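Below is one structure; the comments refer to it alone.
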Amino acid sequence: MDELPARLATDLDGSFADLVRTHQDLVFGVALRVVGDGASAEDVAQEAFVRAYRALKRYPAQRVAELRARPWLAQITVNLARNHIRARRLHTELDEAADRVPSTEDGPVKLAERRDDRRMWARLLASLPNRYRLAVAFRHVEGLSYEELAETLDRPVGSVKSDVHRGVALLRAAYDAEQRHIAQKEAV
Amino acid sequence: MAVTEDRVISGLESLRSSAPDGLAERVLDGLGLGDAYIKVEGPIGPLFVAYGTHGIALVERATDAGQFEEEFLQTFGRPVHRVERAPEWIERVIQARVWGSGRHVKVPLNLEQLPDFERQVLMKTLEIPRGEVRPYAWVAAELGRPLAVRAVGNALARNPVPFVVPCHRVVRSDGRIGNYGAGGPSAKRALLESEGLDTAELERLPAHNVRFIGSKTTHVFCYPSCRNARRITDEHRVSFRSVEETRRVGYRACRVCRPVDAPFRVAVA
């Protein structure tokens with residue numbers, strides 16, 4: 001299905017643009033989940049592609065041809081993004097990410113509701129302990145498979161799978177707790 | 001009632017975002033991969049097609065690669081490198097525009113270095129269907145500048161993206177095939193023939209004072225190469241030498257080819 005790695009192996013300069021266009025949403029999304037704000041995520045994404053290009057230039061053709069592009073790019077991006085926040089020494093703040101959610105066709109009211117809903121999920125996700133947060137976000141926001149996720153985070157499949165399940169369970173509990181809290185407030 | 005796992009997952013999916021506009025372009029330009037060119041087969045011989053992140057920028061008949069690269073550098077002030085295989089969007093555009101296969105595609109063109117009027121002329125010319133021709137005067141009239149016939153000719157002569165923008169489908173109002181930047185009139189003729197047009201017939205008609213073809217059944221008149229004109233059977237076919245003449249008998253202009261008189265003809269009429 002994916003013949004892009006084969007093309008990268010024989011004509012890197014000619015096909016690298018296809019790699020960028022195909023995977024830019026994933027790379028940007030992964031960066032955004034780690035660094036939290038759009039401007040930094042864009043810097044990280046851009047740098048990730050530059051690193052990817054240099055790496056591909058060095059790799060033997062065989063290795064390029066066998067590349068699994070998604071987890072490979074995701075891993076480069078996660079590492080760069082982590083360096084980025086380490087350098088910045090700031091806490092991850094996902095609320096900002098929810099603010100720059102792309103516009104939709106919906107009218108203003110619907111959009112406001114949607115944004116609220118998104119903001120809520122972004123907030124709940126941000127409140128997860130680190131260990132679960134990225135696993136859940138990469139699996140369910142960015143759509144990586146468990147195998148891709150394991151490769152991205154350089155951990156066994158079983159372990160990332162259990163982190164995702166645990167993280168989703170925590171989110172359900174957090175959501176329910178929040179709803180109960182709202183209901184109690186309204187009842188008073 | 002407790003929230004379902006599906007609800008949580010769809011909430012998470014709603015957080016997915018797209019890369020900001022221009023990210024890919026900045027990456028590629030930063031790596032010096034912004035501009036590339038390929039050699040492709042064309043209907044009258046191979047072509048060089050150069051493209052950047054904004055679209056197709058330069059097309060020429062493939063003769064001398066060094067000269068083509070030099071011309072790109074002169075025009076755009078940056079180098080272009082040759083690649084063996086084009087990205088998919090380029091292949092789709094070549095298939096659709098140069099070979100006429102596949103349905104309508106968006107044709108991203110990088111015409112930023114051209115003056116407004118020249119760009120408008122090229123975009124209008126892009127609308128002329130394969131296997132049909134329109135006079136220079138038609139392009140001028142469509143742009144609301146009916147007297148700018150010569151300026152249209154000059155703009156087309158400088159067309160940086162021939163074959164993709166089909167400047168070969170623009171001919172003289174008197175039926176002569178007119179000049180052609182990418183190889184002269186004989187290349188233009190060959191190209192039109194390759195699209196199924198009978199150029200001898202095309203030139204013969206105006207010599208016999210046939211500029212427009214009308215249908216006795218619909219009372220609509222067209223340019224001779226318009227697909228609607230070609231559907232008219234001999235029995236119902238009527239010819240005109242001017243729009244003025246069609247008016248006298250109450251015919252209306254075809255909505256597909258929107259025929260007009262050349263300005264100098266209006267003056268004499």
Side-chain angles (χ1 to χ4, degrees), chain A residues 7 10-18 20-29 31-33 38-39 41-42 45-50 52-54 94 97-98 100-102 114 117-122 124-125 136-137 139-143 165 167-169 171-176 178-179, chain B residues 1-40 48-57 69 79-94 106 108 110:
Chain A
R7 282 199 286 134
T10 53
D11 180 18
L12 177 60
D13 285 0
S15 47
F16 190 72
D18 283 347
V20 177
R21 284 181 215 286
T22 310
H23 299 297
Q24 57 176 341
D25 289 348
L26 173 70
V27 167
F28 176 75
L32 186 61
R33 290 309 134 205
E42 198 172 338
Q46 214 164 314
E47 180 61 21
F49 279 119
V50 171
Y53 176 76
R54 292 200 191 121
L94 280 174
R100 58 179 313 289
V101 151
R114 259 176 77 93
D117 202 47
R118 279 172 142 168
R119 197 171 284 178
M120 176 199 68
W121 287 112
L124 292 178
L125 178 62
V136 167
R139 173 69 194 95
H140 289 304
V141 182
E142 304 308 330
H165 288 309
V168 170
L171 279 179
R172 291 174 68 179
Y175 179 90
D176 288 339
E178 182 161 303
Q179 294 304 310
Chain B
M1 200 183 79
V3 65
T4 62
E5 182 167 324
D6 285 353
R7 169 93 175 84
V8 173
I9 288 169
S10 76
L12 289 169
E13 279 166 354
S14 78
L15 295 177
R16 188 176 301 179
S17 46
S18 327
D21 284 345
L23 174 66
E25 284 72 16
R26 282 191 293 282
V27 167
L28 296 169
D29 286 342
L31 288 170
L33 296 175
D35 299 284
Y37 77 100
I38 41 152
K39 188 175 178 176
V40 298
F48 287 141
V49 178
Y51 55 91
T53 45
H54 299 289
I56 294 180
E69 289 173 17
V80 63
H81 65 274
R82 183 155 175 179
V83 296
E84 290 314 312
R85 193 178 149 163
E88 265 174 64
W89 69 270
I90 286 282
E91 273 173 17
R92 272 200 305 274
V93 170
I94 302 280
K106 220 177 145 241
N110 179 4

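Chain letters run A, B, ... following the sequence lines, proteins first and then strands; every chain starts at 1. Since we're looking at a predicted model, the values are computed, not measured.
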task = Under the side chain to side chain contact (heavy atoms under 4.5 Å, CB included) rule, what do A/Trp121 and B/Val8 come out as? Steps first, then yes or no, please.
result = CA-CA 8 Å; A/Trp121 287 112; B/Val8 173; 3.9 Å; yes
* Apply salt bridge (charged side-chain N to carboxylate O under 4.0 Å, His left out) to the pair B/Glu88 and A/Arg21, showing each step before the final yes or no. => CA-CA 11 Å; B/Glu88 265 174 64; A/Arg21 284 181 215 286; over 6 Å; no
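A/Asp117 contributes atom CG, which lies 6.0 Å from atom OG of B/Ser14 (distance to the nearest 0.5 angstrom). The CG atom of B/Leu31 sits 7.5 Å away from the CZ atom of A/Arg54 when rounded to the nearest 0.5 Å. Interatomic distance, CZ of B/Arg16 versus CD of A/Glu142, reported as 6.5 Å (0.5 Å rounding).
Of the listed residues (B/Ser10, B/Gly11, B/Gly30, B/Ala36), the greatest number of heavy-atom pairs within a distance under 4.5 Å of chain A belongs to B/Gly11. Between chain B and the options A/Phe49, A/Phe16, A/Tyr175, the largest number of non-hydrogen pairs under 4.5 Å is found for A/Tyr175.
A donor-acceptor pair under 3.5 Å is absent between the side-chain atoms of A/Arg118 and the main chain of B/Leu15, judged by distance alone.
Heavy-atom minimum distance, B/Ala19 versus A/Gln24: CB-O, 3.6 Å. Nearest heavy-atom pair across A/Val20 and B/Val27 is CG2-CG1, 4.1 Å. In this structure, B/Leu23 and A/Ala45 approach most closely via the heavy-atom pair CD2-CB, 4.0 Å.
Residues B/Glu5 and A/Val168 have side chains in contact (heavy-atom distance under 4.5 Å, counting atoms from C-beta outward). When side chains are defined from C-beta on, B/Pro20 counts as touching A/Phe28, because their heavy atoms get closer than 4.5 Å. A heavy-atom distance below 4.5 Å is found between the side chains of B/Leu33 and A/Tyr53.
Between B/Arg7 and A/Asp176 there is no salt bridge, since none of the side-chain N atoms of the basic residue sits less than 4.0 Å from a carboxylate O of the acidic one.
Residue contact with chain B, scored on non-hydrogen atoms closer than 4.5 Å, is absent for A/Arg139. With a 4.5 Å cut-off on non-hydrogen atoms, A/Asp11 touches chain B through its side chain but not through its backbone.
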